Amino acid sequence: MQFVDEASIIVEAGNGGNGCLSFRREKYVPKGGPDGGDGGHGGSVYLIGDDALNTLIDFKYQRFYKAQNGQPGQGRQMSGKAGDELHVKVPVGTTVIDEDTLEVIADVTEIGQVVLVAQGGRRGLGNIHFKSSTNRAPRRTTPGTPGERRNLRLEMKVMADVGLLGMPNAGKSTLIRAVSAAKPKVANYPFTTLVPNLGVVKLGTHEHFVMADVPGLIEGASDGAGLGLRFLKHLTRTRLLLHVVDVAPFDESDPVESARAIARELEQFSPALAERPRWLVLNKLDLLHEEERESRARGIVDALDWQGPVFRTSAIAGEGTAPLVQAVYRWLTEQRRLEAEDEVVAEHEREMRARMEAEAVARAEARLSRKRKPVEADQDDDDDFDDDDYDVEVEYAP
């Protein structure tokens, strides 16, 4: 199955039915008067959040959605049938944007949430509505109004509690494989992860949380370099970020500078996202001699002047992963308890999510605006990552 997290669709509501011009005609009833019925309302188009969907792949192949038109009115004061409403299922975590105005119409964040995206046309009135003492035989009706038509941009962001970020080949995919049932591709070269992967980390029968692994970032990701701009938005749904750092990179790059580069990209993409709690995970310690591990880890922490939690892991060997996931679960549980008991904490969380969403939408709007600008014929304008650039098969673990 392809992972598609962006799609453009057209939705069109049904037109309202016209009112009927009719007069009563029965034997022995001369001059029966007007009896034209009203038309039916046009059907509206709604989006509904569905947790059974985890990609926008369906919208890549079907881009036009139209609700049913209302039926016209009939004689004998019979109203036309209203058009059936159209309900379109979308994944939970989908942001709906009007492509023409760049207005954010809605953010589908809950299962079963219903969002009206195109209003059906109003019905027309039959001539029975226009009779009066001075106009016994009105020949006036009103037509139904057309249904609303909109060009929509759907952008899905995965719903996860914890997000992994770091440079390519830092070991993020190996880490999520080690702590969950997710099985993303792992190889000894950068950018093996091309799409986000979700894994459910289970600690007990009712103790679990969702972790998201996004493609690795590089310098300039917030401006569109690599795959970062498209997938950084997925981190805006998370509560906690785990910054995975390769302590022994194969290209002998500086882990400290790599960690700083990631922090800069977060700040440039979304200042609110950069304020999210972020823990340092020093990975691949198994590549170092035991006597060198502590000194290397301490050197990285001191150089970064890191004040938050630090965890030392070897994801491929499963070393240090248990304390990490246990600490994450305790932190998430405490945060949820505080939000439930303290309205100030809950309001702060809502404000943070609103800020991150607004900043992510601003990035998306800027990208859509750039794509609209005309370019010279010899200029390559296909520097963005769109649906057709990669056809990636994703296997979702049970």
Side-chain angles (χ1 to χ4, degrees), residues 48-54 90-95 106-115 156-166 172 175-176 178-182 196-214 231-244 266 270-281 306-311 313 320-361 396-398:
I48 301 179
D50 188 348
D51 62 339
L53 302 177
N54 48 25
V90 297
V92 175
T94 300
T95 300
D107 199 11
V108 183
T109 58
E110 298 179 2
I111 299 172
Q113 180 179 346
V114 180
V115 177
M156 189 197 76
K157 304 179 184 68
V158 297
M159 303 293 287
D161 302 300
V162 180
L164 302 179
L165 73 156
K172 302 182 297 300
L175 178 59
I176 199 172
V179 301
S180 75
N197 294 287
L198 291 181
V200 178
V201 182
K202 294 185 177 180
L203 289 83
T205 305
H206 301 291
E207 300 175 342
H208 63 271
F209 61 87
V210 180
M211 179 180 289
D213 167 33
V214 300
F231 295 118
L232 267 173
K233 65 185 179 186
H234 291 286
L235 297 178
T236 60
R237 304 285 190 190
T238 61
R239 293 172 176 266
L240 175 66
L241 301 176
L242 298 182
H243 189 161
V244 183
L266 277 181
S270 169
L273 180 60
E275 295 176 15
R276 270 301 199 206
R278 184 159 50 100
W279 294 1
L280 193 64
V281 179
W306 191 268
Q307 303 300 320
V310 180
F311 294 88
T313 65
T321 56
L324 172 62
V325 297
Q326 290 168 3
V328 169
Y329 180 75
R330 288 194 300 268
W331 186 88
L332 290 173
T333 303
E334 180 64 14
Q335 285 299 116
R336 294 191 181 100
R337 185 189 67 80
L338 290 174
E339 291 177 23
E341 298 177 357
D342 192 335
E343 181 56 32
V344 175
V345 177
E347 181 61 28
H348 178 265
E349 176 65 19
R350 287 192 290 267
E351 291 178 356
M352 285 291 293
R353 288 182 179 272
R355 284 180 56 199
M356 288 189 294
E357 184 62 34
E359 290 164 356
V361 168
Y396 292 91

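Note that the structure is a prediction, hence the values are computed from the model and not measured.
Within the structure, no pair that satisfies the salt bridge (Lys or Arg N to Asp or Glu O under 4.0 Å) test touches residues 198-208, not counting sequence neighbours.
Under the 4.5 Å side-chain criterion, counting only non-hydrogen atoms from C-beta, L164 is in contact with L175. Contact of the L240 side chain with the V328 side chain is registered, since non-hydrogen atoms from C-beta on lie closer than 4.5 Å. Between D161 and T238 there is no side-chain heavy-atom pair separated by less than 4.5 Å. Considering only heavy atoms from C-beta on, P309 stays 4.5 Å or farther from W331 through its side chain. Inter-residue side-chain proximity for E110 and V92 is flagged as unmet; no heavy-atom pair is nearer than 4.5 Å. With contacts defined as side-chain heavy-atom distances shorter than 4.5 Å, the pair L338/Q335 qualifies.
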I would like to know whether R336 and E349 meet salt bridge (charged side-chain N to carboxylate O under 4.0 Å, His left out); could you show each step before the answer?
CA-CA 10 Å; R336 294 191 181 100; E349 176 65 19; over 6 Å; no

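A donor-acceptor contact under 3.5 angstrom links the side chains of T95 and K157, judged on distance only.
Closest non-hydrogen pair, A178 versus T321, comes out as CB-CG2, 4.5 Å. Looking at every heavy atom in both residues, T313 comes nearest to G320 through CG2-O, 3.6 Å. Across all their heavy atoms, V325 and V179 have their closest contact at CG1-CG1, 3.7 Å. The shortest non-hydrogen separation linking G166 to H243 is CA-CD2, 4.4 Å. The minimum heavy-atom distance linking R355 with P271 is given by the pair NH2-C, 4.2 Å. Nearest approach of M356 to T236, heavy atoms of both residues: CE-O, 3.3 Å.
Using a 30° and 60° split on the angle between ring planes, F209 and Y329 fall in the parallel class, below 30°.
The distance from atom CD of E339 to atom CD of E347, rounded to the nearest 0.5 Å, is 11.0 Å.
In this structure, the side chain of S180 engages the main chain of I176 through a donor-acceptor pair within 3.5 Å. Under the 3.5 Å distance criterion, the side-chain polar atoms of R276 are left unmatched by any main-chain donor or acceptor of L241. Between the side chain of D51 and the backbone N or O of I111, no donor-acceptor pair lies under 3.5 Å. Remark: side-chain polar atoms of R353 are paired, donor with acceptor, to backbone N or O of R237 under 3.5 angstrom. The backbone N or O of D50 lies less than 3.5 Å from no partner atom in the side chain of Q113, so there is not a single donor-acceptor pair.
In summary, of the residues considered (V244, L266, L242, L273), a side chain to side chain contact (heavy atoms under 4.5 Å, CB included) with L165 occurs for L266 alone.
By the side chain to side chain donor-acceptor pair (under 3.5 Å) test, R337 pairs with E334, E341, sequence neighbours left out.
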